[in-house]
Number of protein chains: 2
Amino acid sequence: MAKKVVREGERRRRRPTRQGTVLSERLIVETALRMLREHGSAGLTARRLGVALGADPSTLYRYFAGLDDLTRAIGDELMGHALDGWRATGEWRADLRALGLAIHASYLAHPQAAVLTASRVTGRPREIEVDETILGILRGAGFPDQDAVGVYHAFIDLSLAFAALDAGALTLTDQVRETDEQMWDSTYARLPADTHPHIAATAPLLAGRMTRSAYPEVLETLLEGAAARLGRRARRGG
Amino acid sequence: MAKKVVREGERRRRRPTRQGTVLSERLIVETALRMLREHGSAGLTARRLGVALGADPSTLYRYFAGLDDLTRAIGDELMGHALDGWRATGEWRADLRALGLAIHASYLAHPQAAVLTASRVTGRPREIEVDETILGILRGAGFPDQDAVGVYHAFIDLSLAFAALDAGALTLTDQVRETDEQMWDSTYARLPADTHPHIAATAPLLAGRMTRSAYPEVLETLLEGAAARLGRRARRGG
DNA sequence: CGTTAAGGTCAACGCCGTTGGCATAAGAAA
DNA sequence: TTTCTTATGCCAACGGCGTTGACCTTAACG
């Protein structure tokens with residue numbers, strides 16, 4: 001077996017597989033992401049990944065301690081994507097909004113991966129970079145450390161939580177998702193007004209709204225709250 | 001095979017299994033919840049559930065179309081638990097806060113189930129009951145339908161999203177979770193101040209905060225925002 | 001150029017969800 | 001009470017899974 005995983009930096013011998021591919025951590029993660037996108041989260045298996053790479057499944061254990069370890073690497077890759085598509089403007093509220101939406105979008109672009117990784121602390125480079133960036137924005141905006149950490153915590157968990165929730169909906173098979181979405185028309189819209197007056201009264205509004213994400217609005221509310229706190233503190237002359 | 005699932009209401013013959021248990025949808029769901037709690041989400045398999053019930057695994061297919069179907073039923077059960085431990089007071093903000101925390105707590109009490117079900121629209125009775133309740137609170141508080149639906153959407157998705165996120169952390173095996181939590185001490189606290197000044201400056205605050213949920217604070221922020229909107233509308237004399 | 005061990009392959013283990021076929025006893029009908 | 005039907009249980013099997021240990025092969029270092 002793979003007694004021990006060699007870290008990417010210390011890897012020396014790059015021996016091609018029988019089918020000729022030269023493996024690397026990066027190649028494996030990218031291939032896994034592609035498979036997730038194309039075949040869904042149930043579509044990523046060690047065996048299939050092996051076939052896609054042109055390598056024996058057990059070879060993966062030379063690079064990752066197990067699928068769980070691979071999962072962390074995938075999560076970090078998503079964080080990296082988010083950061084790559086973001087630029088600082090110096091205006092804290094706009095920057096946080098943009099970064100939050102970028103993280104959300106990056107995860108939703110790979111829903112299967114998002115579901116697997118959103119609740120993990122990877123401690124890998126790109127994740128750390130994101131955290132440093134957020135804290136920098138907040139402290140730069142004048143939030144005292146205590147508040148900065150509070151807003152950071154709310155911000156990152158909110159973003160990941162919605163990423164996972166919204167991604168979860170996307171990972172369902174087409175058929176199941178359709179069933180879920182039609183629930184608003186088929187079940188909720190037909191509840192009689194005498195037993196469920198409030199749902200009945202708002203059914204059309206619900207059907208129009210519940211199939212898209214509440215994340216942008218909630219994020220805006222959070223930023224609004226943070227701005228208010230910052231304002232109060234400034235006015236108090238803290 | 002189980003050609004067709006008989007719905008609970010139409011079930012007639014209650015034949016005991018070889019080992020003497022008399023099955024029912026309810027018994028199966030409760031047993032599944034207990035297994036999830038005791039053995040983790042990887043611990044719930046059709047075979048093990050069969051053993052726990054004293055029945056052949058394939059018998060489950062007489063009650064549920066598959067594990068996915070069982071999953072929905074489990075999710076609805078969690079919603080039921082939340083609602084059972086909640087009482088209305090008539091003060092909308094307190095009521096929503098309590099209900100949100102009850103939902104969050106109910107899901108966290110069964111993290112493995114929460115992860116499986118949080119992003120599903122089950123369309124089952126208890127879920128519908130929760131939705132009707134929330135909409136009732138908001139409309140009763142004077143929110144016009146458009147706003148009520150908006151706040152409802154943010155509220156329920158926020159609560160489920162955090163339930164899933166926080167539950168996700170709890171579903172990790174003890175060893176993995178410890179690794180994740182220690183990350184704040186082992187990795188983040190040791191980042192040098194010259195490369196990661198903001199993390200370095202706030203490391204102790206981070207370590208103290210990141211291992212608990214941000215949900216209560218974020219929920220409060222959301223309610224604050226909703227109250228503000230309601231106040232503005234009232235002052236405008238809407 | 002010889003040695004070493006990294007990094008491949010192979011075969012096997014014990015799980016998994018699900019299905020088709022079959023047996024049997026619960027409850028309706030007589 | 002007996003008979004009949006069929007709901008509901010059981011069994012055996014399928015193909016797939018993650019992971020492991022033993023074994024080969026060859027790239028790279030001295």
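Note that the structure is predicted; figures quoted are calculated from it, not measured. Residue numbers begin at 1 in each chain, while the letters A, B, ... track the order of the sequences.
Computed from coordinates, the A:Arg62 CZ to D:dT19 P distance equals 15 Å when rounded to whole Å. Atom-to-atom, CG of B:Leu60 to P of D:dT8 comes out at 14 Å; the value is rounded to the nearest Å. For the pair A:Leu27 CG and C:dG8 C1', the interatomic distance rounds to 15 Å; values are reported in whole Å. The nearest whole Å value for the distance from the CG atom in A:Asp56 to the P atom in D:dT19 is 14 Å. Regarding A:Leu53, its CG atom lies at a distance of 15 Å from the C1' atom of C:dT9, rounded to whole Å. If you measure from atom CZ of B:Phe64 to atom P of D:dT8, you get 14 Å, rounded to the nearest angstrom.
A side chain to side chain contact (heavy atoms under 4.5 Å, CB included) with B:Ile156 holds for exactly one of B:Leu99, B:Val151, B:Ile134, B:Leu135; it is B:Ile134.
Residues B:Thr17 and B:Leu53 fail the side-chain proximity criterion, which asks for heavy atoms closer than 4.5 Å.
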Summary of protein contacts for nucleotides 12-18 of chain C, nucleotide by nucleotide, where a base hit scores B, a sugar-phosphate-only hit scores S (4.0 Å, heavy atoms): ----BBB
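Nearest heavy-atom pair across A:His153 and B:Arg209 is CE1-O, 3.3 Å.
Taking a cutoff of 4.0 Å between a charged side-chain nitrogen and a carboxylate oxygen, B:Arg34 and B:Glu30 do not qualify as a salt bridge. Look at A:Glu127 and A:Arg72 and you find no salt bridge, because none of the NZ, NE, NH1 or NH2 atoms lies under 4.0 Å from a carboxylate O.
The phosphate of D:dA7 (OP1 or OP2) has no side-chain N or O of B:Tyr63 nearer than 4.0 angstrom.
Within the structure, salt bridge (charged side-chain N to carboxylate O under 4.0 Å, His left out) contacts touching residues 47-61 of chain B (residues at least two apart or in different chains) do not occur.
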